[in-house]
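Below: the structure, in structure tokens.
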Amino acid sequence: MENMKTARMGQHVLEFEDSTDVGDFFVEKARVELRETPELRESALLEMRKLIEGLENFNMPWEDDMYLLPFLRPCKFYPQSALKQLLHWCNFIEKNPKLCKNLRPSEEGNVFKNNIFTVLPYRSQHGRRILLIEAGKKWNTKQVSINEIIRGIQIIVLSSLREPKTQIAGADIILDVDGLSLSHVWQFSPSLAKTILEWVQECMPCRLKSVHIVNQPFIFNMLFNIFKPFIGEKLRNRIHFHGDNRTSLLEYIDPKVVPTQYGGELKMETCYGKELHELICKYEEDFERANKVGFIKKESASKKK
């Protein structure tokens, strides 16, 4: 597999970096924020493998360490905590098959062609990936279902977690809700909001460092009130509301990596969903392996024997 995969976005190039040679900036960030050292990393990986091997009828067809590190790093290399998150993730998928089961990038192209998602080509000053979600004007609810939105976000997150730099530094989200309407709000029930936040707060093997909500109309309050009861303190402290105040957003993210339509200096249209999808489809084999992770049903386990 290539060490680097790319998508052209106008005059810019988005690169998904597989290399484990992350450079001094990320090595130091990992040491300070995640307790990561070569010695601790190896011992934690060894212990986590042993813990997984001790699970009855659990299938983990990954041999490469890079598939365990996305769980170990957010848990600061405590193997028991990482295993707990892994099992929670697997159980969540089983409980929510329509949202999570059998994720394959090749089958989720519709949401991407509507340009709802943009992974910005440059990292923030903190080394984080930045995901822009335009869930207002660009989201036609008759063309793109809420399930497609959720599955698309998962696909992007899991693809970016191939990157050791993203595992270490995490991600920021910019949520643009300009044009939000009742047709959008009606897509969300309290039970769905609770499910989404369970995935974000307890299952997702990613360091979500901040969520920036921009261009919110008054009706956004109705949507946020659906989610509010299920937002934990940690996530609540990382949500920032900016409205149309561009200066406010740029206090958190370097203007050099923010598109001009949000007050930044990056001259780039957010219309490259097709190119992003083509890039992610290059990881189809990884998703096929991921779809096999979890507890084997009893009848399948007996046949295997």
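Hydrogens, waters and symmetry mates are skipped; everything else that's a heavy atom, side chains included, is used.
The OH atom of Tyr283 sits 9.5 Å away from atom OG of Ser160, with the distance rounded to the nearest 0.5 Å. Rounding to the nearest 0.5 angstrom, the gap separating the CZ atom in Arg236 from the CD1 atom in Ile231 is 7.0 Å. Rounding to the nearest 0.5 Å places CG of Leu83 at 10.0 Å from CD of Glu47. To the nearest 0.5 Å, atoms CD (Glu148) and CD (Gln143) are separated by 10.0 Å.
No continuous path of ILVMFWY side-chain contacts below 4.5 Å connects Leu68 to Leu46, so the two sit in separate hydrophobic clusters. Cluster membership for Val144 and Leu182, using ILVMFWY side-chain heavy atoms within less than 4.5 angstrom, is shared. Two different hydrophobic clusters hold Val13 and Met268 under the rule that ILVMFWY side chains link at heavy-atom gaps under 4.5 Å.
Contact of the Gln167 side chain with the Leu161 side chain is registered, since non-hydrogen atoms from C-beta on lie closer than 4.5 Å. A heavy-atom distance below 4.5 Å is not found between the side chains of Lys84 and Gln80. A heavy-atom distance below 4.5 Å is found between the side chains of Val111 and Phe117. Side-chain contact check for Arg123 versus Thr166: some heavy-atom pair is nearer than 4.5 Å. Two residues are said to be in side-chain contact when any heavy atoms from C-beta on lie closer than 4.5 Å; Phe58 and Leu51 fail this criterion. Side-chain contact check for Ile93 versus Trp89: some heavy-atom pair is nearer than 4.5 Å. In this structure, the side chains of Leu197 and Leu235 come closer than 4.5 Å at one or more pairs of heavy atoms. Looking at heavy atoms from C-beta onward, Thr118 lies out of side-chain contact with Tyr272 at the 4.5 angstrom threshold.
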* To do: Any chance you could lay out the side-chain hydrogen bond (donor to acceptor under 3.5 Å, both in side chains) test for Asp254 and Tyr122, step after step, and finish with the verdict?
  => CA-CA 10 Å; Asp254 190 331; Tyr122 307 109; over 6 Å; no
* Go through the steps to decide whether Asn291 and Asn102 satisfy the test side-chain hydrogen bond (donor to acceptor under 3.5 Å, both in side chains), and finish with yes or no. => CA-CA 5 Å; Asn291 290 334; Asn102 297 321; 4.5 Å; no
* After noting the C-alpha distance and the side-chain angles of Tyr252 and His242, does the key distance pass the ring-ring contact (aromatic ring centres under 6.0 Å, His included) rule? -> CA-CA 11 Å; Tyr252 294 89; His242 302 287; 5.7 Å; yes
* Asked: What's the verdict on side chain to side chain contact (heavy atoms under 4.5 Å, CB included) for Val257 and Leu120, showing C-alpha distance, side-chain angles and the deciding distance?
  -> CA-CA 8 Å; Val257 303; Leu120 296 181; 5.8 Å; no
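By the neighbour-count criterion of 12 heavy atoms within 6.0 Å, atom CG of Asn221 is densely surrounded, having more than that number from other residues, nucleotides or ligands. By the neighbour-count criterion of 12 heavy atoms within 6.0 Å, atom OH of Tyr78 is sparsely surrounded, having that number or fewer from other residues, nucleotides or ligands. The number of heavy-atom neighbours closer than 6.0 Å to CD of Glu251, taken from other residues, nucleotides and ligands shown, is above 12. When the shell of 6.0 Å around CG of Asp24 is examined, it contains 12 or fewer heavy atoms from other residues, nucleotides or ligands. Counting heavy-atom neighbours within 6.0 Å of Lys209 NZ, excluding the residue itself, gives a total above 12.
The heavy-atom pair separating Ser210 from Asp172 by the smallest distance is OG-OD1, 2.6 Å. What you find for Val119 and Met9 is that their closest heavy atoms are O-CE, 3.5 Å. Closest approach of Pro121 and Leu14 over heavy atoms only: CA-CD1, 4.0 Å. Across all non-hydrogen atoms, the minimal contact from Ile213 to Val177 is CG2-CG2, 4.1 Å. The nearest pair of heavy atoms linking Leu40 to Ser43 is O-OG, 3.0 Å. In terms of heavy-atom proximity, Thr20 sits nearest to Pro164 at CA-CG, 4.1 Å.
A side-chain N or O of Lys138 and one of Thr270 form a donor-acceptor pair less than 3.5 Å apart. Side-chain atoms of Asn215 and Tyr262 form no donor-acceptor pair, as typed in the model, at a separation below 3.5 Å.
Judged by distance alone, the side chain of Asn96 and the main-chain N or O of Leu99 form no donor-acceptor pair under 3.5 Å. Here the side chain of Arg207 pairs a donor or acceptor atom with the backbone of Ile168 at under 3.5 angstrom. Not a single donor-acceptor pair under 3.5 Å links the side chain of Glu36 to the backbone N or O of Arg73. In this structure, the side chain of Glu94 does not engage the main chain of Cys90 through any donor-acceptor pair within 3.5 Å. In this structure, Asn245 contributes its side chain and Thr247 its backbone to a donor-acceptor pair below 3.5 Å. A donor-acceptor pair is defined here as one N or O able to donate and one able to accept, closer than 3.5 Å; no such pair exists between the side chain of Asn59 and the backbone of Ile296.
Under the salt bridge (charged side-chain N to carboxylate O under 4.0 Å, His left out) criterion, the residue pairs touching residues 259-275 are Lys274-Glu278, with sequence neighbours excluded.
Between Arg129 and Glu163, at least one side-chain N (NZ, or NE/NH1/NH2) sits under 4.0 Å from a carboxylate O, which counts as a salt bridge. Salt-bridge annotation for Arg31 and Glu28: present, with a side-chain N of the basic residue lying under 4.0 Å from a carboxylate O of the acidic one. A salt bridge between Glu17 and Arg162 is absent, with no side-chain N of the basic residue lying under 4.0 Å from a carboxylate O of the acidic one. A salt bridge is absent between Glu284 and Arg104: the closest approach of a Lys/Arg side-chain nitrogen to an acidic carboxylate oxygen does not fall below 4.0 angstrom. We find that Glu108 and Lys113 are not joined by a salt bridge, their nearest charged nitrogen and carboxylate oxygen being 4.0 Å or further apart.
Screening Phe188, Phe241, Phe230 for a ring-ring contact (aromatic ring centres under 6.0 Å, His included) involving Phe224 leaves a single residue, Phe241.
Under the salt bridge (Lys or Arg N to Asp or Glu O under 4.0 Å) criterion, Asp178 pairs with Lys137, sequence neighbours left out.
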